[in-house]
Protein chains: 2
Amino acid sequence: MTARREHRLVFLLSVAQRRLQRWIAAQTQQSGVTAAQSGLLFVLGQRDGVLMGEAGAALDLGPPGISGLVDRMTAANLIRRRADPDDGRAWRLWLTPAGRAALAQSKAGLAEVNVRLTEGFTDAEIDIVARWLTSLQSKFPRGEDE
Amino acid sequence: MTARREHRLVFLLSVAQRRLQRWIAAQTQQSGVTAAQSGLLFVLGQRDGVLMGEAGAALDLGPPGISGLVDRMTAANLIRRRADPDDGRAWRLWLTPAGRAALAQSKAGLAEVNVRLTEGFTDAEIDIVARWLTSLQSKFPRGEDE
DNA sequence: GGAATTTATTTCGCATGCGAACTATCTATG
DNA sequence: CATAGATAGTTCGCATGCGAAATAAATTCC
């Protein structure tokens, strides 16, 4: 009967994520870009022309996840999909001008969110939080990489 | 250019939540109960016969969220829905025997997950994490309760 | 070179949960 | 009492992302 269980971390984590997701969706309502979509925009901002699988890995999404995200963002004219010249199975993803504009907006929005996320906590405390969140990736691995 | 932004907390949070969710889904695959569903089981374990709205509030779900969850769990024979005798609009939720059995299983599973979630962190650190997760609820409120 | 295997991506059915709009019931107010 | 407003749930269309199975192209191994 430790106090640790009383934190109900599983529940807190799910609520926190849902709240943040909803907030970002509301903030970016004008641009129509969702949190997940801005994630892909960020990846392409750093490495335009990545393979879908690479983008999925960067976002921790499986094949169906990245595939659907790409479909929606292609339909929204935020990204473009071009066949890889060296591999007939693969596709590379590129930002469109609209995607580049949306990325700039997302960057500004994320800066605000980050300020709010860290308000009331010291750098040392945020480090602990980040370390905890990161630790979940090895504690709850995807199928293969155990 | 503080180091805080480099943590990419938004991304870490979403990945952590996804990993945990997926893990719980895989663990409870036999019982067929998902993480969200076990949340409602826990609520009913504490207060059998709550109104749908109360359950939604306890789980931080809006009306459509709790409504769909109740639909699926009723179809799976985990809970039962009965009209409130005093209010023709309202429904009260009750565990079925199958739901009670699933709750017992979920409790055991959650205990394991909680151990893993806190592994490698001191009580003080987990307190900070819990405080941070909780702080998101006031930093990113639902529409009305700003 | 051809068969077996691996790899990249898609498709399907599903659960989750949102916002907006709707229905039905209850409560308050004139 | 009647009507206006609040409240409890439902429904719809959507985005997200999973596991399983399918497709197609590349690679490996006789």
Side-chain angles (χ1 to χ4, degrees), chain A residues 14-29 31-40 50-57 59-76 78 81-93 140 142-144, chain B residues 14-30 32-40 50-57 59-76 78 81-93 140 142-144:
Chain A
S14 104
V15 171
Q17 160 64 4
R18 208 127 35 72
R19 291 282 185 115
L20 183 55
Q21 212 66 16
R22 206 189 289 142
W23 178 270
I24 294 177
Q27 293 308 102
T28 58
Q29 198 168 4
S31 63
V33 175
T34 66
Q37 295 180 8
S38 71
L40 183 49
V50 287
L51 296 173
M52 285 184 57
E54 290 170 350
L59 296 169
D60 198 57
L61 293 177
I66 188 65
S67 186
L69 190 58
V70 166
D71 281 351
R72 291 185 295 273
M73 291 178 72
T74 302
L78 293 166
R81 178 159 44 185
R82 292 204 207 111
D84 183 301
D86 300 331
D87 189 334
R89 300 164 297 180
W91 298 87
R92 295 194 173 271
L93 305 176
F140 304 98
R142 309 196 68 135
E144 311 79 19
Chain B
S14 103
V15 171
Q17 161 63 6
R18 208 127 37 70
R19 290 284 185 112
L20 183 54
Q21 214 65 18
R22 205 188 292 140
W23 179 270
I24 294 176
Q27 293 308 101
T28 58
Q29 199 169 4
Q30 295 132 4
V33 174
T34 66
Q37 295 180 8
S38 72
L40 183 49
V50 288
L51 296 173
M52 283 183 59
E54 291 170 350
L59 297 169
D60 196 59
L61 293 178
I66 188 66
S67 187
L69 189 58
V70 166
D71 281 351
R72 291 185 294 273
M73 291 178 71
T74 303
L78 293 166
R81 176 158 47 185
R82 292 203 206 112
D84 184 302
D86 300 332
D87 189 334
R89 300 165 297 181
W91 298 88
R92 295 193 173 273
L93 304 176
F140 304 98
R142 311 195 68 135
E144 312 79 17

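Throughout, a chain's letter reflects where its sequence line sits, starting with A, and its residues are numbered from 1.
Taking atom CD1 on B:Ile24 and atom C1' on C:dT16, their separation rounds to 14 Å, with Å as the unit. Atom C1' of nucleotide C:dT16 and atom CG of B:Leu61 are separated by 9 Å, given to the nearest angstrom. Distance A:Arg18 CZ to D:dG17 C1': 15 Å, rounded to the nearest Å. Here the C1' atom of nucleotide C:dT16 and the CG atom of B:Leu40 are 13 Å apart, to the nearest Å. Distance B:Gln17 CD to C:dT16 C1': 11 Å, rounded to the nearest Å. Note: CG (B:Leu20) to P (D:dC18) measures 14 Å, nearest angstrom. Regarding B:Asp84, its CG atom lies at a distance of 15 Å from the C1' atom of C:dA24, rounded to whole Å. When the C1' atom of C:dG19 is taken as reference, atom CZ of A:Arg19 falls 16 Å away, rounded to whole Å.
Note: B:Leu69 CG to B:Leu93 CG = 9.5 Å, rounded to the nearest 0.5 Å. Here the CD-CZ distance, from A:Gln37 to A:Arg72, works out to 6.5 Å after rounding to the nearest 0.5 Å.
Looking only at distances, a side-chain donor or acceptor of A:Arg18 sits under 3.5 Å from a matching main-chain atom of B:Asp60.
The pair B:Asp87-B:Arg92 fails the salt-bridge criterion, with no side-chain N (NZ, NE, NH1 or NH2) lying under 4.0 Å from an Asp/Glu carboxylate O.
Contact between A:Gln21 and A:Ala35 at its shortest, heavy atoms only, is NE2-CB, 3.2 Å.
Between A:Ser38 and the choices A:Val33, A:Leu78, A:Thr28, the side chain to side chain contact (heavy atoms under 4.5 Å, CB included) rule is met once, by A:Val33.
For A:Ala36 and A:Asp86, each mapped to the nucleotide of DNA chain D holding its nearest heavy atom, the one lying further toward the 5' end belongs to A:Ala36. The nearest heavy atom of DNA chain C to B:Gln37 and to A:Ala26 marks one nucleotide each, and the one closer to the 5' end goes with B:Gln37.
At the phosphate of C:dG17, neither OP1 nor OP2 sits under 4.0 Å from any side-chain N or O atom of A:Arg22.
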Open item on the list: Using a 4.0 Å heavy-atom cut-off to protein, can you give one letter per nucleotide of nucleotides 3-14 of chain C, 5' to 3': B if the base is in contact, S if only the sugar-phosphate is, - if neither?
Closed with: ----BSBBB---
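At the heavy-atom level, B:Gln21 lies nowhere under 4.0 Å from the strands shown.
The shortest distance between side-chain heavy atoms of B:Leu40 and B:Met52 does not fall below 4.5 Å.
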